[in-house]
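Proteins come first, then strands; the chains are lettered A, B, ... in the order of their sequence lines, and each starts at number 1. Computed from a predicted structure; not experimentally measured.
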Amino acid sequence: MNFFQPTTLPQLAQCLAEQAGPGCHLIAGCTDFLPQRNGTPWDARALISLVNLAELGQIRQENGLVSLGATCTHTQVEGHPLVRQYFPALAQACGSVGSTQIRNRGTVGGNVGNASPAGDLYPVLLVLGARGVVLSGNQAVRRLPMEQLVLPQGALALEPDEAIIAFELPVPSPGNLNAFVKLGERTHVTIAKISLSASLTLHEGRMEQVRLALGAVARRAFLSSSSSALEGKSLSKALLPELFDALSREVAASIPDRPSMPYKRQAVRGLADDLLSALLHQARDVSQQP
Amino acid sequence: MDYQYIGKDIPVNDSRAKACGQLLYAADLHLSGMLYMKLFLSPVAHGIVRSLDVSKALALPGVVTVLSYENTPDVTYNRGRVRATEEAPDQETLFSRHVRFVGDRIAAVVAETPELAQKAVSLIQADIQPLLPLLTPDQALAQDARSIHEKDGVVRLPQIGYGDYASAQGEEFSHHTSSQRVSHIAMEPHCTVADYKPASDRMTVWTATQSVFGARSAIASILGMPMSHIRVIKTPMGGSFGCKQEMVLEPLAACAAKMTGRPVMLRFSRSEVMLCTMLKHPLDSHIKVKFSPQRTITGLQLSCRLDAGAYQTVSPDYADAISKKLSWVYNIPNVEYHAVSVCTNTPVSGSYRGWGGPECALIMENMMNAAARRFVMDPIELRLRNILPPYATSRINNFSLGNLPLEDALLLGRDRFGWEARKERLARQDRSGRYLRGIGMALATHTSGYFPRRGDWGTVVVKMEEDGSVHVNCNVHDHGCGEVIVFRSIVAEVLSISPDLVDLPEGDTAYNALDNGCYTSRSIYVLGRAILDASNLLLEQLKRNGSQLLGCRPEDLSHRDGALFVTKQPQRRCTYSQIAYYVADKGTEALFVSHTHVPISNPGPAAAHFAEVEVDTYTGLCRLVDYLAVHDVGKALNPALCRGQVGSALQQGLGLVFCEELKLDPKTGRAMNADMQHYHVARACDFSKIDTLFIEKPDEEGPFGAKSVGEACYVPVAPALIAAVNNALELELSDLPLDPPRILAALARKEREKEAVTP
Amino acid sequence: MIINFVLNGRPVSRDLLPQRRLIDVLREDFCLTGAKESCGEGECGACTVLLDGRAVHSCLVLAGQLEGHAVTTIEGMAENGELDVIQNAFVEHVAIQCGFCTPGMIMSAKGLLLQNPDPSEEEIRIALSGNICRCSGYAQIVAAVQDAAKRLREVGKA
């Protein structure tokens with residue numbers, strides 16, 4: 001087995017060009033890679049580890065975009081001032097991934113790259129209008145909206161010699177609120193049974209450009225049509241019955257045959273309630289700012 | 001009584017080594033030339049292996065041998081048997097051609113490294129003719145589980161009880177309780193190291209077991225070796241809760257060591273622990289109770305069904321144990337108990353903390369709480385009308401339950417928990433909101449040993465070294481909850497020396513006298529008393545010799561801090577070390593005491609637990625708000641460790657009630673969550689503060705008055721939590737676990753019923 | 001391949017297969033058996049070590065990824081046989097029972113206090129939620145970490 005640890009993007013491109021294909025894995029925090037292989041005599045032709053590629057571990061703001069390097073850890077993203085300022089949804093999602101140890105090691109690129117239905121970050125990046133930055137073996141860089149980065153079946157839409165190197169998120173316009181809530185089997189260290197992400201603009205007290213995403217109820221998280229339950233309305237807890245009803249129907253329709261459907265259809269009420277609370281909380285903070 | 005060491009919060013022995021990562025558990029051992037063993041397990045729930053091809057595994061460089069049913073002893077045994085004379089169904093062999101569950105042992109590889117062993121296992125091919133799996137007790141009972149075992153696939157206990165339920169007068173109340181498959185999740189996965197020397201035919205086994213003699217007995221009978229050729233040494237144990245009681249790994253590793261003539265380590269992965277050792281029994285129970293108009297119980301009829309899994313092992317005994325505890329809390333004039341233990345093609349059920357006690361309490365306390373609701377009575381009041389008085393006699397087995405302060409536990413707990421105030425507060429809560437709170441309680445007792453069952457005793461050797469330090473030899477099996485430090489404190493208290501000067505190594509068949517091991521919460525009550533008595537005998541010997549040295553009568557002497565002195569002339573003194581040298585110089589005796597203690601009682605430690613929980617009615621998630629455990633421990637020998645036990649009981653109880661369940665695929669019998677990513681236990685964030693109140697009314701026989709606590713504290717947890725949930729939701733749930741889907745489904749059902757009544 | 005990293009404060013250089021897990025390297029090649037394996041998939045925390053000062057699971061780090069990084073294990077906590085403040089607090093608060101979770105628990109506590117010298121009880125519970133203890137109900141452990149934090153703040157170092 002060959003082990004590669006590129007430290008620059010050109011080196012990474014070269015590794016991809018030379019090694020990509022069956023039996024070659026891109027790895028970073030290994031918080032999914034190794035549990036999947038636990039107790040099995042696994043082998044690989046090549047491993048390309050991204051953790052020593054310093055550039056992929058950076059978060060910066062440029063030209064109205066915030067760029068998150070693919071190997072930023074959840075801990076790093078959760079605590080970063082730019083993320084806290086613009087993307088509370090992302091901070092919440094990163095803060096709710098696994099345990100401290102997992103957040104210290106697991107990366108945003110890995111979370112999206114594994115394309116797990118229960119992955120917490122994809123739906124957040126989706127509602128925030130992020131794009132994935134992809135490097136290929138020939139050093140070309142392309143940018144894909146989240147929905148094109150991950151296919152509906154849940155797999156990554158990348159060529160074997162391509163790697164996600166960053167995510168770019170547009171800096172939200174004034175009045176934007178965004179939040180992430182999830183429901184697991186416990187309060188912490190939990191895999192999402194359902195997650196709900198939202199981004200919207202509060203304009204003269206009304207919610208506009210509402211984007212909601214439901215996670216963990218299909219192969220891939222998706223933009224939810226239940227946003228219509230919020231669009232154009234003023235933000236209040238009174239919206240709960242309507243939002244719950246819409247989400248519940250959507251959940252039932254997306255997993256009609258799964259044994260967990262009856263539960264998820266009901267329990268999404270808790271998420272809807274939590275989401276409205278989180279948004280109201282943020283709206284108060286925003287209105288208190290000078 | 002003012003003690004020097006008893007009743008003090010002394011850290012567990014080896015705490016410093018544990019804090020530094022220096023303590024070696026079995027998996028940390030490394031013997032020169034050691035090999036690693038890995039099991040090849042059945043992928044199907046039921047079948048016959050038509051052919052087994054191990055050639056590819058054997059061909060892998062570094063593989064030393066492959067064991068299977070083809071080349072290992074075909075001796076049937078019962079993994080739960082401690083002594084060869086115990087009656088128990090023999091159904092299991094080291095490896096089996098007839099595989100009875102997903103995870104049954106077909107073969108094993110022994111190789112130079114764990115990785116090679118693992119790889120070689122993946123190269124073994126078995127052609128298995130599938131048989132119809134019987135995955136539920138219903139399916140198995142329909143054909144008496146005959147396709148699983150020719151004999152004893154179903155064990156029906158003869159009716160147990162007294163009086164006559166049918167003739168009991170009163171209003172009959174029926175109730176049903178069921179519980180699920182649960183794994184112990186001791187943090188240390190099972191590991192055994194066996195070393196065999198062919199030239200001398202000597203076997204040494206290091207293992208974290210609850211019974212070194214049980215392990216030796218199993219190895220001797222399966223491998224046909226003299227017991228004197230086998231030495232089993234207990235290693236530090238990273239928790240057991242019953243999972244290291246039965247002999248699972250020891251015979252396998254010993255067999256591999258004997259076949260290879262080299263040391264062999266067998267270490268289970270978490271998933272092997274969950275599949276291939278034991279689980280808590282799935283239980284199904286129906287109870288009928290008759291109540292007089294005064295709401296006293298006049299009779300009880302209980303029938304229990306245990307799913308034993310693929311082998312009966314200890315299950316028939318376990319079913320019997322449930323009945324023992326039926327007459328230990330309430331005064332019940334007529335009891336009729338029926339039980340059946342059914343083999344199915346599922347992982348093996350076996351010992352779990354409390355051994356029938358928690359099952360009995362789950363059934364009885366759920367019933368009492370449901371009856372209290374039916375009668376619109378306070379559950380504490382209903383219990384006060386039915387509890388046994390102190391020194392009551394257990395109607396089953398006919399022995400005294402000791403000072404049994406059940407009433408104290410109820411009343412002290414009611415006050416401390418603020419039961420009435422909470423009840424009033426909760427009666428006023430807004431029931432239309434998202435969160436609902438409820439309170440619940442449960443009452444229980446447990447054993448402190450085997451008595452009156454025969455065969456319980458404790459043999460101890462205490463000797464003093466020349467410098468006045470002490471060596472104790474006793475067959476102790478500390479699970480990690482601190483018995484060793486408590487025993488050292490007992491010696492230290494008697495002799496008035498620092499516990500640090502007492503060495504007390506654990507179970508070792510080469511040095512200890514025969515002893516059952518750590519079962520049925522007997523350690524403190526039986527071994528602790530033996531150690532206390534032996535220490536007193538040593539003190540007598542010291543005084544006898546000290547009196548010669550100091551020229552006085554033994555009764556004139558007192559002792560303090562490692563020295564004897566004449567009580568009325570404290571300046572006339574000599575240290576233990578001076579006595580030790582005096583005795584050695586005298587050359588006629590040794591400062592050495594051997595003592596056997598046979599218990600003549602078995603008091604039930606009373607326990608009342610009180611819980612407040614909050615249920616999220618939108619998601620079905622439950623949160624523990626407050627918890628109080630009131631425990632009659634006789635005397636808390638080390639209160640911090642007693643509180644640790646209570647915390648641990650709650651850790652497991654929260655799991656049992658809310659989230660833990662090993663789920664099997666209903667079609668294939670394959671475990672769906674045999675790993676910790678999918679099997680969830682309570683974590684630090686799931687806990688609130690736990691309040692513990694000890695009742696310290698000394699027992700007559702226990703050391704310094706102590707009774708048991710380690711299992712007793714687990715017994716009432718689940719019914720107290722269930723009662724709190726039911727109180728919050730105004731429901732009658734009693735099928736575990738109360739996981740979020742089950743709670744939401746119950747709430748939805750209630751809603752529909754309400755709609756059906758209101759036009 | 002030759003891998004250079006810092007182990008318990010000392011630079012080491014070893015020829016290791018890059019796909020081996022850190023926990024195996026520590027236990028087998030360096031005889032550092034303090035990190036325990038209980039689940040092998042990053043759920044129980046018994047194998048926790050510090051990687052560049054942050055708590056991580058040693059069962060989820062590959063040897064090849066150590067190049068240039070610093071690992072601290074439980075064995076690196078005590079100095080000259082003197083227990084570290086956190087280790088002492090665990091002993092004194094009787095926060096250690098079977099001890100199997102203890103090394104990982106202490107390393108998680110260390111990781112927390114390096115980042116947050118004055119954590120609330122809630123923050124401690126969250127930080128330790130990646131470490132399972134089946135023996136105690138966590139009360140004594142949380143108390144030990146609170147006390148250690150206090151003592152460390154008094155001497156002014158984490």
Return the [atom1] to [atom2] distance between [X] and [Y], rounded to the nearest 0.5 Å.
X: C98(C); Y: K18(B); atom1: SG; atom2: NZ; answer: 6.5 Å
X: L128(C); Y: F687(B); atom1: CG; atom2: CZ; answer: 13.0 Å
X: C20(B); Y: L83(C); atom1: SG; atom2: CG; answer: 4.0 Å

Side chain, backbone, both or neither: which part of [X] has a heavy atom under 4.5 Å from chain B?
X: E37(C); answer: both
X: N88(C); answer: side chain
X: C31(C); answer: neither
X: E75(C); answer: both
X: V142(C); answer: neither
X: Y138(C); answer: side chain

When every non-hydrogen atom of V12(B) is compared with those of I96(C), the smallest separation belongs to CG2-O, 3.3 Å
So, S648(B) and R134(C): side-chain donor and acceptor under 3.5 Å apart, yes or no?
no
Side-chain heavy atoms of K36(C) within contact of D28(B), under 4.5 Å:
yes
Would you check if I132(C) and M676(B) make a side-chain contact, meaning some heavy-atom pair closer than 4.5 Å?
yes
Given the options D675(B), L650(B), L23(B), which has more heavy-atom pairs under 4.5 Å with chain C than any of the others?
D675(B)
